[in-house]
Amino acid sequence: MKTLKIGLFGFGCVGQGLYHTLQHSTGFKTRIEKIVVKNREKLRPIGQEFFSYDKNDILENSDINVVIELIDDAEEAYKIVSTALKNGKNVVTANKKMLALHLETLLALAKENSVSLLYEAAACGSIPIIRTLEEYFDNEELSRISGIFNGTTNYILTKLASENLEFAAALKKAQELGFAESNPESDVEAFDPLYKTIILALHGFGTILKPEQLLRFGITTLKKGDLDFASKNNFKIKLVPSIQRLSENRLSAYVIPKFIPKEHHLAKVDNEFNGVIVEGQFSGEQFFVGRGAGSLPTGAAVLSDISALSFSYSYENKKLRQLQQPTFSDELKINIYVSSSKAADLEIFPFEETFEDFKKNGFYYRTGKIGLAEIKQLETVVRTRKIFVAEIFEQH
Ligand SMILES: NC(=O)c1ccc[n+]([C@@H]2O[C@H](COP(=O)([O-])OP(=O)(O)OC[C@H]3O[C@@H](n4cnc5c(N)ncnc54)[C@H](OP(=O)(O)O)[C@@H]3O)[C@@H](O)[C@H]2O)c1
């Protein structure tokens, strides 16, 4: 077992959670050599001697063999992580945005420099989904990965439905509890689950997706009428990313709010919890549930990566190395619900089939079947007009 000498970037919610979990772990030998943070004025809960404001105190320190990157700035994180890999240091990161935007380059850098880049905490907090996909489902062909990948929006949706809280109040509570990203737009506009979808597509299917390929709708346009539709139909609203194999060599991926029957196991995943459904060709459906955000659960996922590093673990990206990987396609038809305060807004959607049309007191919705590619073309106008779009659950 290697002794790990750690250089830690960031001492916020996750950094402090990791520090706490490390203090209570006896399974492996580690020492935090230095912690680099940004703000010189901030009071720190541990001795000032640990801290530095100069990244080279870690990156150029030859004693440090592991860099843990836990800052909230994806571009700076990319500079830190790529330099660390080039300098021959193993890296653990929780930064899904940085990973999703630079996946190919970072994988290549880790390979060229024969070091590990691990990031279990970057997808679904404490649920060990990346290593499960890497190690257990390394061979079986998957048909779908879907679920609830964002703790903040799940917390907000839970509070909106169960406590009648206003959106802003529910978001504020999520921020106070440390679930939300520093910039909550990343959560509520569904960038965060989109980044996680990209990470899971790599490990589950061997496909490297680009953010702009994926349809992405968040929850900011959700209205009272949509909550009423959910309750009238015995649904809960969840923000559900989905990666679905369409054929041997094609897959679709998108992130969208979804109406799910209340009795479905995913609908029972509330508050900051995340749930991941993995459907294998032979194994059928597996369901993983756990805390998707928060200081200690996320710290625990980082801790697990550090422990894995002490046994020289690295991802082998076995699905990426298979002969053929499915490529992105948006030739999927889904059942959707669209709502607005203007009747004309519903007319822009080229439904192939309409199931229901509703209008009452200046609130309009329509449900029906539509192609993913057709909705993707409307993405900008849907956002500008603040139309709420959600998928409706279908039994497979
Ligand atoms: N919070 C969660 O539940 C959660 C869950 C999964 C993944 N993550 C990911 O974990 C990472 C950290 O999130 P967080 O919630 O811990 O953020 P946070 O509480 O806002 O803390 C961010 C930390 O990064 C430091 N920092 C920012 N820019 C820096 C720079 N240029 N150089 C050095 N340090 C810098 C800050 O320094 P100062 O202390 O000086 O301000 C602070 O200590 C993010 O990538 C996030 O997406 C978070």
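Owing to the predicted nature of the structure, the values given are computational and were not obtained by experimental measurement. Along the sequence shown, residues carry numbers from 1. In listed order, ligands and their atoms are each counted from 1.
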Dump the pairs for me: ligand 1 N or O, protein N or O, distance under 3.5 Å, to 0.1 Å.
from	atom 1	to	atom 2	distance (Å)
ligand 1	1 (N)	Gly178	O	3.4
ligand 1	3 (O)	Gly294	N	2.7
ligand 1	16 (O)	Cys13	N	3.2
ligand 1	16 (O)	Val14	N	2.8
ligand 1	19 (O)	Cys13	N	2.8
ligand 1	20 (O)	Asp72	OD2	3.3
ligand 1	20 (O)	Ser182	OG	3.4
ligand 1	37 (O)	Lys38	N	3.4
ligand 1	39 (O)	Lys42	NZ	3.1
ligand 1	39 (O)	Arg44	NH1	2.7
ligand 1	39 (O)	Arg44	NH2	3.4
ligand 1	40 (O)	Lys38	N	2.9
ligand 1	40 (O)	Asn39	N	2.6
ligand 1	40 (O)	Arg44	NH2	2.8
ligand 1	41 (O)	Lys42	NZ	2.7
ligand 1	43 (O)	Phe11	N	2.8
ligand 1	43 (O)	Gly12	N	3.2
ligand 1	45 (O)	Ile71	O	3.2
ligand 1	45 (O)	Asn95	ND2	3.4
ligand 1	47 (O)	Lys96	NZ	3.4
ligand 1	47 (O)	Glu181	OE1	2.9
ligand 1	47 (O)	Glu181	OE2	3.1

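- The aromatic rings of Phe50 and Tyr19 stand perpendicular to each other, their planes meeting at an angle above 60°, with 30° marking the opposite boundary.
- Using a cut-off of 4.0 Å between Lys/Arg side-chain N and Asp/Glu carboxylate O, Glu75 and Lys79 are scored as not salt-bridged.
- Ring pair Tyr315/Tyr313 is perpendicular by interplanar angle, where above 60° counts as perpendicular and below 30° as parallel.
- Checking Asp192, Leu157, Asn274 one by one against Asn150, the side-chain contact (heavy atoms from CB on, under 4.5 Å) holds for a single residue, Asp192.
- Using cut-offs of 30° and 60° on the angle between ring planes, the pair Phe259 and Phe235 is tilted.
- Smallest separation of non-hydrogen atoms from Ala122 and Leu99: CB-CD1, 3.6 Å.
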